[in-house]
Participant: 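I have a structure here, written as structure tokens, and I will follow up with some questions on it.
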Amino acid sequence: MSDVTAFLNARLDDDEKIANTAIGRQPEYAEWAYEGDEVFAPGLSEPGDRWNVTCDSEGLRPAVEEKDGPHIAHHDPARALRDVAAKRGVIREMEAARTNLEERGINVPFFITWTLWHLAAVYSDHPDYRKEWQI
């Protein structure tokens, strides 16, 4: 396993943990929607009553600005978990190709490394990110 792969796996573990923490023990809380000034979990909402994801500083009223609500709802925990799974699939395929080529004594095409570097770029603000991974 390459250093960038280990780095990516650790970041994806973090992302998965954060998403699962947001969900808690209620799978219905994984998908969020936005309407008006509310980000809410439709799977937990009864007609006329909403399970709000965001509230004001006193925890009383939903409070999301119109420019922020769609973004928050779009990146709900369910999407984060799908993103983690997709990236893990790409990493798995790239590492399998690398291993297969190395075992056969064939030089690994640079696109495999570049693919992993591109995935790592999302985490370029992390202290363990290496400058040599920048593209």
Side-chain angles (χ1 to χ4, degrees):
M1 177 186 315
S2 68
D3 290 344
V4 69
T5 298
F7 171 82
L8 283 165
N9 285 331
R11 301 297 69 76
L12 293 173
D13 288 347
D14 293 344
D15 290 349
E16 183 176 47
K17 182 179 178 182
I18 290 167
N20 281 321
T21 298
I23 294 169
R25 295 185 184 144
Q26 299 179 19
E28 302 84 8
Y29 196 67
E31 294 185 19
W32 299 347
Y34 171 74
E35 187 176 285
D37 64 350
E38 299 177 346
V39 175
F40 62 98
L44 291 175
S45 300
E46 297 295 327
D49 185 29
R50 289 194 172 160
W51 187 276
N52 290 310
V53 174
T54 57
C55 293
D56 63 14
S57 62
E58 296 172 358
L60 301 175
R61 292 180 2 114
V64 177
E65 291 189 31
E66 188 174 341
K67 65 182 178 60
D68 300 328
H71 177 75
I72 293 168
H74 186 72
H75 294 279
D76 64 20
R79 180 190 172 112
L81 292 173
R82 290 190 306 269
D83 187 65
V84 165
K87 288 176 180 174
R88 284 191 172 143
V90 171
I91 293 164
R92 186 173 43 255
E93 294 300 325
M94 292 297 107
E95 285 299 329
R98 177 194 309 273
T99 299
N100 181 289
L101 293 169
E102 287 174 347
E103 287 175 352
R104 295 169 41 207
I106 300 172
N107 288 334
V108 177
F110 209 66
F111 80 85
I112 291 174
T113 302
W114 279 359
T115 299
L116 297 172
W117 287 359
H118 278 291
L119 291 174
V122 173
Y123 306 101
S124 62
D125 60 341
H126 191 278
D128 294 337
Y129 180 82
R130 297 185 187 171
K131 288 183 180 179
E132 64 260 26
W133 298 338
Q134 291 178 341
I135 293 185

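The figures that follow rest on heavy atoms only: side chains count, while hydrogens, waters and symmetry mates do not.
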Participant: Indicate the atoms forming the closest heavy-atom contact of L101 with P109, along with that distance.
Facilitator: CD1-CD, 3.3 Å
Participant: Supply the atom-to-atom distance R11 CZ to L8 CG, rounded to the nearest 0.5 angstrom.
Facilitator: 8.5 Å
Participant: Kindly give the heavy-atom pair with the smallest separation between P77 and A30, and that separation in Å.
Facilitator: CD-O, 3.2 Å
Participant: Just by modelled atom types, is the A121 backbone N or O under 3.5 Å from a matching donor or acceptor in the S124 side chain?
Facilitator: yes
Participant: Using a 4.5 Å cut-off on heavy atoms from C-beta on, say whether the side chain of T113 contacts that of S2.
Facilitator: no
Participant: When N100 is tested against each of E103, R98, R104 for side-chain hydrogen bond (donor to acceptor under 3.5 Å, both in side chains), which residue passes?
Facilitator: R104
Participant: State, to 0.1 Å, how close E31 and A78 come at their nearest heavy-atom pair, and which atoms those are.
Facilitator: CG-CB, 3.6 Å
Participant: Rounded to the nearest 0.5 Å, what separates atom CE in M94 from atom OG1 in T99?
Facilitator: 11.5 Å
Participant: When you compare the side chain of W114 with that of I135, does any pair of heavy atoms fall below 4.5 Å?
Facilitator: yes
Participant: Show the nearest heavy-atom pair for residues W32 and A22, with the distance to one decimal.
Facilitator: CZ2-CB, 4.5 Å
Participant: Can you tell if the side chain of V53 reaches within under 4.5 Å of the side chain of D76, non-hydrogen atoms only?
Facilitator: no
Participant: Look at atom NE2 of H75 and say whether more than 12 heavy atoms of other residues, nucleotides or ligands are closer to it than 6.0 Å.
Facilitator: yes
Participant: Does any part of the side chain of L116, heavy atoms only, come nearer than 4.5 Å to the side chain of I91, both counted from C-beta?
Facilitator: yes
Participant: Write down the atom of E132, the atom of W117, and the distance for their closest heavy-atom approach.
Facilitator: O-CH2, 3.5 Å
Participant: Looking at D83 and K87, is any side-chain nitrogen of the basic one under 4.0 Å from a carboxylate oxygen of the acidic one?
Facilitator: yes
Participant: According to a hydrophobic-cluster definition based on side-chain heavy atoms being under 4.5 Å apart (Ile, Leu, Val, Met, Phe, Trp, Tyr only), do V4 and V122 belong together?
Facilitator: yes
Participant: Check for me, please, whether L119 and V108 land in the same ILVMFWY cluster - side-chain distances under 4.5 Å, paths through other members count.
Facilitator: yes
Participant: Applying a strict under-4.5 Å side-chain criterion to I, L, V, M, F, W and Y, I'd like to know whether I23 and V39 cluster together.
Facilitator: no
Participant: Could you check whether K17 pairs with D14 (Lys NZ or Arg NE/NH1/NH2 to Asp/Glu carboxylate O, under 4.0 Å)?
Facilitator: no
Participant: Could you check F7 against H126 for side-chain contact (heavy atoms from CB on, under 4.5 Å), going step by step and ending with a plain yes or no?
Facilitator: CA-CA 10 Å; F7 171 82; H126 191 278; 3.8 Å; yes
Participant: Once rounded to the nearest 0.5 Å, what's the spacing between atom CD of E95 and atom CG of N9?
Facilitator: 8.5 Å
Participant: Do L81 and I18 share a hydrophobic cluster (ILVMFWY, side-chain heavy atoms under 4.5 Å, transitive)?
Facilitator: no
Participant: Is any side-chain heavy atom of Y34 less than 4.5 Å from a side-chain heavy atom of H71?
Facilitator: no
Participant: Should Y29 and V84 be regarded as members of a common hydrophobic cluster, given that ILVMFWY residues are connected when their side-chain heavy atoms come within less than 4.5 Å of each other, either directly or indirectly?
Facilitator: no
Participant: Please confirm whether Y123 and W133 have ring centers closer than 6.0 angstrom.
Facilitator: no
